[in-house]
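Below you'll find the structure, written out as structure tokens, and then a few comments.
All of these numbers come straight from a predicted model, not from anything done at the bench. Letters A, B, ... are given to chains in the order of the sequence lines, protein chains preceding strands, and every chain is numbered from 1.
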Protein chains: 2
Amino acid sequence: MTHKVAFTAVKTVKAYERVVEQIETAISKRELRPGDRLPSERELMLTFEVSRSTIREALRVLESTGLVRSRPGDPRGPEVLQASPAILTKTVNRLVRLETIALSELVEFRIMLEGAACTLAAQHRTEPQLQAMRTAVDAMQAEVAHGPVAFSRADVAFHESVWAASHNQLMQICGEATRGALIDMVIGELDRAPDSQARMELSLAHDREILAAISAGDGSTAGRLARSFVIEYYGDIISPENRAALGNVDEVPA
Amino acid sequence: MTHKVAFTAVKTVKAYERVVEQIETAISKRELRPGDRLPSERELMLTFEVSRSTIREALRVLESTGLVRSRPGDPRGPEVLQASPAILTKTVNRLVRLETIALSELVEFRIMLEGAACTLAAQHRTEPQLQAMRTAVDAMQAEVAHGPVAFSRADVAFHESVWAASHNQLMQICGEATRGALIDMVIGELDRAPDSQARMELSLAHDREILAAISAGDGSTAGRLARSFVIEYYGDIISPENRAALGNVDEVPA
DNA sequence: AGAGTGTACTGGTCTGACCATAGTTTTCAC
DNA sequence: GTGAAAACTATGGTCAGACCAGTACACTCT
């Protein structure tokens, strides 16, 4: 009857992988909590019965995942870290940069993201966050006089406050990643703009409109405005037909 | 005048980190492309002038980020991999499990993504892609008889064809990552559903509606439908107020 | 009690070795 | 000549043992 025995495929699991796995599950089971200390490498090699190289390789991958941090000389051992979305940002960034992604795609994605973020912000925003957005806009107003660079910095700050108000970390991460990638790809375009004064005024007016919609809790309008403004900003990059289609998504009545 | 010299903070950079950095930038600069082989560990330790342990630790972090893969015994050396969203999925998963990211956030993000993907698909879809979507829906129809598991597989296939029609790789990457994470989180829920027959019929009807909107080029409707269906599907997870707000985004006339 | 010194142990790195394995080459039989 | 089998070679995985610079903590000495 041996033919009825259900054998299962075997894959050789490397030693350091099993060490990683055990520590990882210990962390996700809350047996190890942020701030806790792992035993020293020399202790770990005894408990896992492997060599120190193996332990170190395991710690390196745990470290690159952001789960632990080793500091030389610390007698308390490696520290278990608080999980943070920061590691996601790096990954998304690399993916964006690595994938052969057309600039138009990036812009398109950014448009959708920006719209969604504003929509969510209009629904989730709290009073202090509204206040933060208002002061951010006021700061932009003040920076108009100091040139495009300072203004752009204030602009970014405003948008960040909007992203924060969306109360969605995934959205924020993607927003951050796409913004970084976009800046990298269109670097230097800012100063090139001849009518910087007019552009600043326009941006300011746009952001005021968005803020009003968010403040009113009108997610639909906020999203639509954001989309059309991003389209305007990066208009040269995407084709005219897309420009029309993406911008008017919400204007077509259901 | 030494006090005017601008010194800059020094942080000790570990050797393996610099190895990682160099290989990483080589990959992101396309000097190393997917499928290429890295030199063997013993060669690397000569070119970087470090010990093999250091090289190995560097390779472990590169491997954990999905950039390379080492296979024992392969004389061609470690392989440079194609960047893949799989690593993103794993990271998102862990963050959700560690409650750094709320499940509701993930669902919310998914809703926005799905809607955006359908909107884009309605605008960018080509005729062959429409055909692929139609056959995918037909396949779903056929799988209804074979139970929820087979049906769900067909369902996923349909949605993948929609994502593909969006012609936006970033959207696809994020979609894949979130889908993977969501599936992992709600695994087993499928069979639990008592009225699986009715649910399948409903899903099928929903997908038919979406397909119709995409086919008609109506991005607004396609997006709205997709959002409301995802909300329906994962309805238990998000709070009632969000359910209403997110679903009706496009129904509020501008 | 506080400031400075010691010290024990940490992580980072190196050397050198062994094993099983996978790709390649060579051999050998037909 | 050709195909399969055996031998070879370099690879990654793992181990043991060593050295160094640095940190936290205890222990001085005032």
Donor + acceptor pair across side chains of [X], [Y] (<3.5 Å):
X        : Y        : result
A:Gln129 : A:Thr126 : yes
B:His167 : A:Glu105 : no
B:Thr91  : A:Thr91  : no

Rounded to the nearest angstrom, tell me the gap between atom [atom1] in [X] and atom [atom2] in [N].
X       : N      : atom1 : atom2 : answer
B:Ile55 : C:dT15 : CD1   : P     : 12 Å
B:Glu49 : C:dT13 : CD    : C1'   : 15 Å
B:Arg42 : C:dC14 : CZ    : P     : 16 Å
A:Glu57 : C:dG11 : CD    : P     : 16 Å
A:Arg56 : C:dT13 : CZ    : P     : 7 Å
B:Glu41 : C:dT21 : CD    : C1'   : 14 Å
A:Glu43 : C:dC9  : CD    : C1'   : 10 Å
B:Glu79 : C:dA22 : CD    : P     : 15 Å

**Asked** Restricting to pairs with a member in residues 25-36 of chain A, which pass side-chain hydrogen bond (donor to acceptor under 3.5 Å, both in side chains), not counting sequence neighbours?
**Response** A:Arg30-B:Glu99
**A:Glu143 and A:Arg153 ion-paired at < 4.0 Å** = no
**Prompt:** Do A:Arg71 and A:Glu79 meet the salt-bridge criterion of a basic N to acidic O distance under 4.0 Å?
**Reply:** no
Have a look at [X] and say if it touches a base, only the backbone sugar-phosphate, or nothing, with a 4.0 Å heavy-atom cut-off.
X       : value
A:Arg37 : nothing
A:Arg52 : base
B:Arg69 : nothing

**Request:** Could you list by number each residue of residues 12-22 of chain B showing a heavy-atom separation from DNA chain C of less than 4.0 Å, or answer none if no residue does?
**Result:** B:Lys14, B:Ala15, B:Tyr16
**Asked** Is the side chain of B:Arg125 donor-acceptor paired with the backbone N or O of B:Ile214 at a distance under 3.5 Å, no angle test?
**Response** yes
**Message:** Quick check on C:dT15: is either OP1 or OP2 less than 4.0 Å from any side-chain nitrogen or oxygen of B:Ser51?
**Reply:** no
**Prompt:** So does A:Arg76 get a side-chain nitrogen or oxygen closer than 4.0 Å to the phosphate oxygens (OP1/OP2) of C:dG11?
**Reply:** no
**Message:** Can you give me the first and the last nucleotide of DNA chain D (5' to 3') that has an atom within less than 4.0 angstrom of a non-hydrogen atom in chain B?
**Reply:** D:dT11 to D:dT14
**Prompt:** If you look at every heavy atom in B:Ala15 and B:Val50, which pair is closest and at what distance?
**Reply:** CB-CG1, 4.4 Å
**Message:** Using heavy-atom distances to pick each residue's nearest nucleotide on DNA chain D, tell me which of A:Pro75 and A:Ser53 is more 5'.
**Reply:** A:Ser53
**Message:** The test is side-chain contact (heavy atoms from CB on, under 4.5 Å); show your working for B:Val92 and B:Thr178 and say whether it passes.
**Reply:** CA-CA 8 Å; B:Val92 170; B:Thr178 54; 5.8 Å; no
